[in-house]
Structures are given as structure tokens and as C-alpha cells.
Novice: 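Below you'll find the structure I mean.
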Number of protein chains: 2
Amino acid sequence: MGGFFAGRTLADLGAALRAGTESASGLLERALESVDPSLNAFVTLDEEGAAVAARQADEELGSSADRGPLHGIPVAVKDIIDVAGLPTGMGSAHFAGHTAEHDAAVVTRLRTAGAVIVGKTGTHEFAYGGTGDVSADGPCRNPRDPSRMSGGSSSGSAVAVAAGTVPLAIGTDTGGSVRIPAAFCGITGFKPRFGAIPTGGVFPLARSFDHVGVLAGTPADCRTAYRVLADLPPGLSEPREPFEPPEPFEPRPEPGGSVAWIEPQEIDPDVERAVAGTVRAVFPDAASVKVDLKELRRVFAAIQDSEAYEVHAERVADAPELFQRPTLERLERAGRTPGWRYVRAERERAEIRREVEVLLRRHDLLVLPTMPITAPPIGTTGSDLGPLTPLLISLTCAWNVLGLPAISVPAGTVGGLPVAAQLVTRPGAEDLLFAAAERLRSAPR
Amino acid sequence: MGGFFAGRTLADLGAALRAGTESASGLLERALESVDPSLNAFVTLDEEGAAVAARQADEELGSSADRGPLHGIPVAVKDIIDVAGLPTGMGSAHFAGHTAEHDAAVVTRLRTAGAVIVGKTGTHEFAYGGTGDVSADGPCRNPRDPSRMSGGSSSGSAVAVAAGTVPLAIGTDTGGSVRIPAAFCGITGFKPRFGAIPTGGVFPLARSFDHVGVLAGTPADCRTAYRVLADLPPGLSEPREPFEPPEPFEPRPEPGGSVAWIEPQEIDPDVERAVAGTVRAVFPDAASVKVDLKELRRVFAAIQDSEAYEVHAERVADAPELFQRPTLERLERAGRTPGWRYVRAERERAEIRREVEVLLRRHDLLVLPTMPITAPPIGTTGSDLGPLTPLLISLTCAWNVLGLPAISVPAGTVGGLPVAAQLVTRPGAEDLLFAAAERLRSAPR
């Protein structure tokens, strides 16, 4: 937790870069000094390429060619996202030695915004899992307790931010892969609405659910990065410099309020108590609502199984031995899901979407824990609540099925490990979500 | 072939109704007299309801409340389409005694247009097959040779028109189910672009591919019905009365022309010779192009399998004995198709769509035979070219996969049985297609 960027926001850094008290090259040096190899966050560091980008940022900032709030900021990118000239390893032996030819769309946007890409971060193999300890590159370790999982699949991105190595990292989220490691590592992770940040050049996991997201120390920093990287409606798409935090969010005074707490169904009671306590302190009038998260997880699984196997069918047939064993076993099961289950799940998804749209007309924000447990020890495959694979996504995957904006924000600790609240909203109400997340993060506990 | 309506067009009938030389009630009487029970086209006749509708049409036409070209016209409706108060039997014991509560959307449009619904026509069980001889209601018989199949699944609708019992019938087409029986029975069948005629109140077979279509004696009559029943762009949606045939269609003079012949891959050579001869006589400059119809049929099968089984999963589990045996066997196979094949097929479909869109920018019309064989004897399950189930849809299902307008029009005979040409076009060019189909129909041979 001792990295240079711990506790430093993009607004602070942006101000310092423009006041001349910091330089992009200096920030890059701090980032590289802050890398803790024992945590295994990075699979590739691009010291040369980053130095060139940092020097260019310093020149531009010196000549007032200001590219906005990411200009000169060191950023880490998950290793399933192509950065031209660097390896994209996917955490898999299948892609050993593979180098990307082109930048992914989100990387192009980072470069256009003047960000300095420090390197590539470890991923659960092919982003197909939430633990972060199944990878050809070895497990990522949780900075809060290195014997424990980081969570995944954007494991290294969360670890790099939580360790203070970078102030911002890019991840992907198909069933929770940005929010899970953010929650386990005690930072903020935001998955925008489906399609908001383009997925071109990102290796697919399940195309219906794949989102690009951002990880940072605070909701405000996630908002800043999101506004730079996403396709926003005209008038909102101009990055503002320096970043202005949104007005404090106040739930509407009507009975029931505009915040609703979703009761989680299977959860460690200590985790529920901690998160609910924080939420209740900030939103004392929050209504209580039910969403059938188990049904949504079934829908998620049926669709993800078929889409994920479709991506890997030829690899499973031709070189099964190159997969990590848990990945192969999961794929083989997924490949046997019958097609009519996929079709049925798509119909159920459409029905549930209509129900949740009604809920989101009554409530601006839905709140629930991000994770039902704290980070388990590395190598664990189950908990008191059952096998980890379905458990880890049990509160997050619903919002991939529905394509809704969702953020995970720290909301206390249990046994010294971070727990997190998750906020969900309708597309267009992201600023409410960021503001409410800031209030949760800074709540007294 | 002796029914009253054989050789009578909607334009003729419309003119006679308005001249007072025919009445709607009289036309209904002719229709009922023309029913040939030995052909088994109808499963329900609604003499009472039709008589009320015919009297109303006569009153309205007498008072100049003209509803357009279907006003007072007797129409038959396939028995998977709901007509309120009448049984919808689906050709299946599963729906024995089932009565529809509401009109399907297309039936509402028929009534609004003043059509007189004579009754419901036999269907291949659940529209899941192209022979027309697998049904709880028994086989429909081909008016051209009653020992032979009508084709299906809109079996009774084709037979009712071919036998001259009605001038117009409504069918559905998921892989060819309007065009197949139209071709085998020697009439015209048109499947519009996907979604043009609403499917509300139509029992699904495979939702990605389900189309409502029309069967009539001529392309011009199909066009008339289509323009009344479809959602058309503003300015085209007003039914014109009396019907004006479009200007004769002239292919463009450029090299290669704007008509392209698709070489069929597996076809009875006599059928190919007959159809190609007619096409060559009318479009001597037609280019020759290749479309991978086998690949399209594989894509069709993977998607249809999963969508069809999803519709019937509970029936297969709860009451398999109520299915006709060939239907049950087909469903059981379909239910085993893995989901990743569905996902892969959807991706391939998107790729092929882009290729064919390029083809349809170079050529206004694609022409090929509708059927690779003539109507086989009832009860047959194979031919020299292989099993009938895949063979019957081998030239038609591509246009369901791509959602393109397609028409089948008589193009000669082989061994005394009808053969047909199929024309395909891009959405928006339907009038070219109808005009070209009229030229093929009236070509000397």
C-alpha cells in the first residue's frame, strides 16, 4: 500500500502537472519505482515506450497543448487488451510470445488523451474467472494480504491501483471482472453501460456481456477516466480540465426515496452487516427491494457458457493441454450447454430487463454489496457458501446481463479485509451514481 | 383444379364486386362450394362467421365504404395463426380442442381490409417440416396429383389456392414454408422481408426466421395482399384500388445485367433444366453467381434447432407421445445441438449477410429454382438426392437466414408436375421482384 500514487487523485496529479510541481516523466519514474514484483500485478512493463509518451506529455503540457485530465498520467492496461508492439498474453500459454499489431480502441483513446501506458497487467486466464489465481503468469496477490486472492479477472489492474503503483488502470468486466478485484483490493471499479467504451481490440470472453471498465482510487477518478474513454452524448463528451467533482448527491425526499437496497440472497452475514451499515448511515431512507439475482445468474451462465466456448472451440479441440486445468474443465462443461438454453436465457433476459427498467423508474440507484465474502486465500476453490466460481459473480453478473452502469466502492472492512458496496443505475444517470459512490466512500464507519 | 377461383385474380374479383356482377356473399358461397374434402386443405370452415363478414362487406361496398383490394375477398388462414373464436390446432394433438381468444395481428389487418376469412388450413405439425404429410389432421394432398405431397408447412393454404377454393391464403415461412408448397402446387408464394408482416398471434417455430407470407395465383395478387398486410414506408402503405400492375420490369443494360442466376448445388437435373430454360428465355443476359447455399443451410439448421426446441422443451418433457413421431425425433435431435454452435452460426450469419449485401448492390434480383425436385409421393422421406427434410429447404432457407424478400413463381413442369423459379431481392426492391416474377410466370415455354 506504500506506492507513490496511494491516496493521490487524478485531480491532484493534474493540478501538480500543470503547476509544474510534478512532471509526466517524474510520475512515470514514481510508478516504475512503486512496482512491487512480489504482488505480480504486471506481466509487461514498457519502460521505453512509456518514457517517450511521458516526455511528449511534458512537452505538450509545457506548451499549453493540454489534452485533458489523463494527460501525463501513468496508466496500466489489462493483458487481454491490445497495445501495439507489446505482448498480449491473456494469462494463457496459448498466447505465449504473441505480440499485438494494433492498439485496441480504448488504448487509442488513452493515447489521444495523453495518458502514459506503463505496462500490461495480469489477468485470470482469458478473463474466464473471478479469482485471479488461475493464469499462466501465476497468481496476482492482494496488497491488503498477499496470501489472499486479488480477485479477477482484472487482477493486476486492481492490484496495481491498490498498491499505489498507478492512479488508474483499465480492465474488462464480463460478469464482475472489474468490480470483483476492486472490492477485494479496497479500491473503486466502474463498469459503464454496455458498449459505452468500445471493445475493439479486446479479446472476447462472452460478447453479449463484455464491457471495458476503469479502476482507480475514487469514484471521482473513475468518472474522470470514463468521461474521457466513453462515447458520451454530445455536450458531455468534452473532458473538463481540471476535474470538477459533481454536486453532492441528495436522494429525493419522497417516501421510499430514490435509493433502493437490494437484499442479497447468499452472503457472509458479517459482510452484509458491514456494507448495510455503511449504506444505512448514508442513505437512511433507502427502500428495500427484491431482484431475483439467482435467476439472473442462471441467465448469465447459460449465455456465457455458449459464447465463451464459441470463442475457444478450436483451441479446446486442437491444444487442450495449453489451458490451465480449471479453465479447460470449465470450458468443457460450457461446451455441453444445449443451444435451446441459450435461446431461453435470451428471452428471460428480455423479460427481466423490462422488470428492472420499471424498478429504475421508481429508484435512481440500486445498492447492494459487491461481493458476498472477503478475499479468500490464494488457491481456494470454495467457501462456506459453496464453490467460488458461481459465488464470486453472484452479486455482480446481473448488471452485465442487463448492461447497466455499476460501480464498486469500499464500504468498510471485515476481519481487516475490504468489503464494498455496489451501486447500479440506469444509463444516463451515471453522475448520480458517481456522487453517491463518493458519499459511501467517505462515510464515517 | 376446378375451383371457382382458379384463374381469377384479385383485380378481376375486385372489379366484379364493384360493378355489382359479384357479391362478397356470392364469392363466399363459391368458395365453400369449391372445397374438395379429399384434398384435406381445410381443418376448420367458419361458414357462419364468414357469412357475417361477407354481408358486412356487401353493405359497405354498396354504400361506397370501400376498404380496398381485399374487401369482400374470401381468404384462408394457416392453422398456426390465431383467429379469435376458431380452433388453432397447429396440426398437433397437443392443441386438440384449443380455441384462440384473440386475432393474430395479420388477421386484424385482414379484417380491417374487409377480407372474408373462410377458415383455417392444414399445416405440417407445428410448421416444423416441409412435406405437409406429418400432421394430426392427416396429409394435405397436391391438387396436381393427389397421391403426392402438397409440400409444407403452409400445406393447406397452398392447396386451397391451387384448387381454386380461395384466391388468397395466408401462410408462414421459416425455412421455405410458403414457397415450398407454392412451388409443388403450381401457384405463387411470397415471403416478405423479415418483420414486414407482424408475427403477433402466430405460433412460433424459430423466432429469428419466422415470417408471415401470402399465397395466391399470381405475383401481382401476392403484391396486392402484401401491400395491404405489411408495414410499408409512408406513401407506399395506402392500398391502391383497383390494382395497377407495375411497369414491365427491364433489367439494366450493363454487362452482367442486374439479374443474377444462382447455380443450385444439389438438384434434379431435369428440374434445373426446366427452370433455367424459363429464366434464360426471360433474362437472357442474367449473370451467373455463386452463393454458398450449403453453408447457409448449416447456419439455418444450427439456429433453428435451438430456437425450435426452446419453443417445445416443456412439451417434449411432459407429453412426448402427443407429437407425431417424425416431429418428436427431429425435436430430440434439435435439443442436443450445443449452444456454442448457435452462437457461431449467428456470427457466420452476420458475415454472410455482408457478402450478400454486396451481391445485391451489383444485382437487383437473384434467381434460382425454388425446389430441387418435384412433389414426391405422400409418405416419402427421401429422394435420389438424400433425406427430404434438409433437401426441401435447401434452396429456400437461405433467404430466411438473411431475412430477404423472396417469391416462388411457376416456371414450367417436369413429368407433369410444377417446377418453380425463386426470385430474391433487397428490402425496398419488392416491386422489381413482383414485376420480374410476373414476366417469368407468363413466359412462353
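Every chain is numbered from 1, with letters handed out A, B, ... down the list of sequences.
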Novice: When heavy-atom pairs shorter than 4.5 Å are enumerated against chain A, which of B:R341, B:E346, B:E314, B:R336 gives the highest number?
Specialist: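 With the most close heavy-atom pairs to chain A, the winner is B:E314.
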
Novice: Parallel, tilted or perpendicular: which one describes the rings of A:F300 and A:F209, with boundaries at 30° and 60°?
Specialist: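 If you compare the ring of A:F300 with that of A:F209, the planes turn out parallel.
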
Novice: Angle class for the A:F203/A:H312 ring planes (parallel below 30°, perpendicular above 60°, tilted otherwise)?
Specialist: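 The arrangement is tilted - the two ring planes meet at 30° to 60°.
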
Novice: Within 45 degrees of the axis of the six-membered ring of B:F323 and under 6.0 Å from its centre: does B:R315 put its NZ or CZ there?
Specialist: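 Cation-pi check for B:R315 and B:F323: fails.
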
Novice: What part of A:R344 gets closer than 4.5 Å to chain B, counting heavy atoms only: side chain, backbone, both or neither?
Specialist: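 A:R344 touches chain B through backbone and side-chain heavy atoms alike.
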
Novice: With respect to chain A, which residue among B:A313, B:A334, B:S208 yields the maximal number of heavy-atom pairs within a distance under 4.5 Å?
Specialist: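 Top count of heavy-atom pairs under 4.5 Å with chain A: B:A313.
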
Novice: Does B:D79 have any side-chain hydrogen bond (donor to acceptor under 3.5 Å, both in side chains) partners at least two apart in sequence or in another chain, and if so, which?
Specialist: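 Here the qualifying residues are B:K120.
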
